[in-house]
Amino acid sequence: MSDKLIIFDTTLRDGEQSPGASMTRDEKLRIARQLERLKVDVIEAGFAASSNGDFEAVKAIAAAIKDSTVCSLARANDRDIARAAEALQGAKSARIHTFIATSALHMEKKLRMTPDQVHEQARLAVRFARNLCGDVEFSPEDGYRSDIDFLCRVLETVIDEGATTLNIPDTVGYAIPELYGEFIKTLRERVPNSDKAIWSVHCHNDLGMAVANSLAGVKLGGARQIECTINGLGERAGNCSLEEVVMAVRTRRDYFGLELGIDATQIVPASRLVSHTTGFLVQPNKAVVGANAFAHASGIHQDGVLKARDTYEIMRAEDVGWSANKIVLGKLSGRNAFKQRVQDLGIALESEADINGAFLKFKDLADRKSEIFDEDILALFSADAAGQESEHYRLLALSQQSEMGERPQAKVAFAAGAVEHHAEAQGNGPVDASIKAIESKIESGAELLLYSVNAITSGSTESQGEVTVRLQLGGRVVNGVGADPDIVVASAKAYLAALNKLHSKAERVAAQG
Ligand code: KIV
Ligand code: ZN
């Protein structure tokens, strides 16, 4: 059996299914480029048939990415599979990932199909996909809760039809490590042609065991692919977290004995990018990528680490990409220095106009903030900020007045398409007043689900504030992110960014899982 462990990243597909995490084509492309730098083996770029936006995103990623395989999800029907193949046409290395539910519950209640019908549909789907692509993954959705005899029958058939990877999802996060590991092992033993395909694990985190279950699937079950997402992003409690499984396999190489292609120094930049883009903050005590993951606060620990690092550290912060906040640029930095730093951060600026536009924004920020860190540059390029000119709602000006004991008020000027609005309002605080001013003109009717402010760089009140706003309207949940040294301005930007997402009506077919 191979000792290479394939890392299949599904941040852009399963991660994106998390309510409010939906990303634009450009946001997805930027994250895909970072995943390529991280050297993940497979990037699941989206679900091409779910919407035109996702089709375009998969297509753009397929054209841009050269060092990772690019994959699209597809339900087990000809239309979805043909659409995935079309989106993947430009890829250097492509994979179609087709799925159909196999648990009694899903077949009866959701699909309203008999087991024989599901079996036949899986066969035809994989046959059709193999005619279009040499690399085909099959997933029996809710596989872990499926009848094992039926599952073995389906898996044997799809291998015969040419499936190259078999992925066994614990779709609802119900598994327990030993049991899941045993389940994969049993499947591999009972499916007669099991050695003709690579076995993969896909675990959700509803009981907080996605990482443990995935590792058990590898160690006990013999799987050689793990499906995971950056920061564990995903619906409900999320997916198996990439940074945790990767660092577990790497740090405990003595136990797992497996090879990884990953460049771990790209983990923290990837985590930050996904968090900036989606507005899903990383909890401070999150393993590997949390702000406290390498912070030793207690005196005893600090003393130990100073004497010998490995007294309390099993990994080195720099090995996963943590670096002290570095002042990279300032007010006097020129266009070339800026362009170079942007390139070093892996941000692709396509045209001279892009560079010039970004440089103006940088200069504007540098006028207001003396030290510019990598995080500030990333925030400058988070698509909510970068896309402002092309967006429907754009912040033009904001002023506010607040004084202790007085009711704050704000004046906001913003564009809605070609129309310029000027509004004033009072509120409990300057942020509230600004949002009320915006709403006095738009009357969106959206419900505010979340408002949070975070310092982009720690340890200084000079940091830019990064605000996340989550809005819900008519069943849609969207996140908007805005950054600025002035948190009231950042709040207004974030609010308008969320309204922009609600404004773009893109509806999509949801994949289960
Ligand atoms: O969790 C799940 O079952 C999925 C499948 C679509 C692979 O995400
Ligand atoms: Zn899933």
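Whatever order the structure lists ligands and atoms in, that order sets their numbers, starting from 1.
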Asker: I'd like to check whether H202 has a polar contact with ligand 1, where a contact means an N/O of the residue lying under 3.5 Å from an N/O of the ligand.
Answerer: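 N/O-N/O distance under 3.5 Å: yes.
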Asker: What is the NE2(H202)-the Zn ion (ligand 2)-NE2(H204) angle, to the nearest 10 degrees?
Answerer: 100°
Asker: Does NZ or CZ of R250 come closer than 6.0 Å to the centre of the six-membered ring of F256, within 45° of the ring's axis?
Answerer: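 No, R250 and F256 do not form such a contact.
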Asker: For N167, is at least one N or O under 3.5 Å away from an N or O on ligand 1?
Answerer: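 The answer is no, given that N167 and ligand 1 share no N or O pair closer than 3.5 Å.
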Asker: Should you measure from each heavy atom of E141, which atoms of ligand 1 turn up under 4.0 Å away?
Answerer: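 Result: 3 (O).
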Asker: Heavy-atom distances under 4.0 Å decide this one: backbone, side chain, both or neither, for H204 against ligand 1?
Answerer: side chain
Asker: Does at least one non-hydrogen atom of H97 fall below 4.0 angstrom from an atom of ligand 1?
Answerer: yes
Asker: Which pair of non-hydrogen atoms, one from R236 and one from T171, has the smallest distance, and what is that distance?
Answerer: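 Smallest heavy-atom distance, with atoms named: NH2-O, 2.9 Å.
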Asker: Assess whether atom NZ of K39 is packed by more than 12 heavy atoms of other residues, nucleotides or ligands within 6.0 Å.
Answerer: no
Asker: Taking the Zn ion (ligand 2) as the reference point, name the nearest N/O/S atom of D14.
Answerer: OD2
Asker: Aromatic rings Y174 and Y144: how do their planes relate, parallel, tilted or perpendicular, breaks at 30° and 60°?
Answerer: tilted
Asker: What atoms in ligand 1 come closer than 4.0 Å to a heavy atom of P169?
Answerer: 2 (C), 3 (O)
Asker: Heavy-atom distances under 4.0 Å are what count here, so tell me which part of R13 touches ligand 1: side chain, backbone, both or neither.
Answerer: side chain
Asker: Taking non-hydrogen atoms only, is T171 closer than 4.0 angstrom to ligand 1 via side chain, backbone, both or neither?
Answerer: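 Looking at T171 and ligand 1, atoms from backbone and side chain both fall under 4.0 Å.
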